[in-house]
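Data block below; observations after.
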Amino acid sequence: MKLSRRARNGLMVGTAALLLASCSSLNYYRQAAQGQLTLLSDARPIDDWLNDQATDAKLRVRLATARQIRTFAVKELGLPDNNSYKNYAALTRPFVLWNVVAAPELSLKPIQWCFPVAGCVSYRGYYSKDDAVDYARELRAEGNDVSVGGVPAYSTLGWFNDPLLSTFIHYPDAELARLIFHELSHQVVYVAGDSQFNESFASTVEEAGVERWLSGYGNETMRDNYLKISARKKQFLALLLGCRDALATNYASKISIAEKRAAKVRLFKQLQDDYQVLKASWGGYTGYDRFFAEPLSNAHLASIATYNDFIPAFRALLAREKTFPRFYAAAKALAELDREERHRRLKALAGA
C-alpha cells in the first residue's frame, strides 16, 4: 500500500502524538493507527470489485451507484476530486468505529478529548466495540453518564483516501449520497475544535446536495422515500431537543441534587414513552430503536445540537452566495476567524 505525502505526514503527526502521550493514551493511539492502516489495506479500487466474478450482483449495483454519486459530488457540488470513496472495503463488523461519548451526571456539556489535527471533540472512537465498552466502563466508574454508539463512516479530512465501506454501501441511494456528500464536505473546510461549525456546514452541504442529486437522478419513489426519512429525522430530532431543553432547565434549577436526579429519571422515561407514540405514528418504523439500546443518559443528548446549531446560518449563507464554490469560499473565510467572532457571525446569519 502506497501512501500519499499528506498521508505520510499524517502518520508522522500520529507518531509524534504517541511519543508524547501517557501510557493509557499510547494504547488508544496505537489502536487508532492500526485500525486506520488495516482499513486502508483492506480497500480495493471499485473497478477491481466490478471485474471480480465473485463480487455479489447487489454489491455491483451499489458500487456503480456510489461511483456515480462520487462523480456528481465533484462536477455538481464542487467537492474534492481526489481518491476518497473510489475504493471499497468489506468489513466483518457492523460498524467501522464505536464512539464513546460522556457527560457529567447533572450536565449536558460533553467531556472533550483533544487530538492532533482534529482538535478537541466530544467523542473518542474505537475500532473494537470491546475496547469502547471497556473505556465506557472506566468513565462510568468516575461517575459520568456514558453512551457507546456504532459509527458507519468517518472522515480523515483528506489525510487518507477514505474508502466506501460495507457498513453503509447498502444504504438507500439518497442516504448513500447524503453520507458521501457530508464526509467529503469535511475535506473542504474544517476548524479544529469547532464541531458545531464543522458538522453544521457538512450537514448543510449534504442536504442541498441530495436535493440537487434527486432532481437529476431520482425518481418519484426515491424522492418520496427520502422525504419520509427526512421527516422522521426531523421529528425525532425535535423529540430529543425537547428532552434536552427540559433536562437543561432541570440541571440549572436551584432544587436539590436529589430532586434533580428524580426529575432526570422522569424526563428520560417520558422520552421513551414519547418515542413509542412517535414510532406508532410511523407505522412501527424501527430505524431509531438503536438509540434506546442502552439506558438513556446525558451522553445520549450531549452532542445532539452539535450537528444542527448552525444549519439555519449556513442555509442562509448558501442562499446568499448562490453557488457552491462561493459558499465554500465564504465558509473558509469564517473558518479563519476566531471562534467567538465566527459564532457571532453565524448567529447573525441565522437571524437574517
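The residues of the chain are indexed from 1 along the displayed sequence. Only heavy atoms go into these numbers, but all of them, side chains included; no hydrogens, no water, no symmetry mates.
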Determine whether Y123 and W98 satisfy the following criterion, ring pair (Phe, Tyr, Trp, His ring centres under 6.0 Å), listing intermediate values before the conclusion. CA-CA 10 Å; Y123 55 83; W98 282 266; over 10 Å; no
Y126/Y28 under ring pair (Phe, Tyr, Trp, His ring centres under 6.0 Å): CA gap, chis, key distance, verdict: CA-CA 8 Å; Y126 289 86; Y28 176 75; 5.1 Å; yes
Verdict with supporting geometry, Y88 and W49, ring pair (Phe, Tyr, Trp, His ring centres under 6.0 Å): CA-CA 8 Å; Y88 171 73; W49 288 92; 5.0 Å; yes
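Judged by distance alone, the side chains of H343 and D194 do bring a donor and an acceptor atom under 3.5 Å apart.
For the atom pair OG (S166) and CZ (F95), the distance works out to 11.5 Å, reported to the nearest 0.5 Å. D162 CG to L157 CG: the interatomic distance, rounded to the nearest 0.5 Å, is 8.0 Å. Going from atom CD of Q196 over to atom CZ of R342 covers 10.0 Å, rounded to the nearest 0.5 Å. To the nearest 0.5 Å, atom CD of residue E207 and atom CZ of residue F181 are 13.0 Å apart.
Using a 4.0 Å cut-off between charged nitrogen and carboxylate oxygen, K75 and D81 do not count as a salt-bridge pair. Between K332 and E336 there is no salt bridge, since none of the side-chain N atoms of the basic residue sits less than 4.0 Å from a carboxylate O of the acidic one. Salt bridge present: R67 and D47 bring a charged side-chain N and a carboxylate O closer than 4.0 Å.
Side-chain contact check for F201 versus F310: every heavy-atom pair is 4.5 Å or farther apart.
Cluster membership check: F268 shares its hydrophobic cluster with I257, using side-chain heavy-atom separations under 4.5 Å among Ile, Leu, Val, Met, Phe, Trp and Tyr. Note on I169 and V61: separate hydrophobic clusters, where clusters join Ile, Leu, Val, Met, Phe, Trp and Tyr whose side-chain heavy atoms are under 4.5 Å apart, directly or indirectly.
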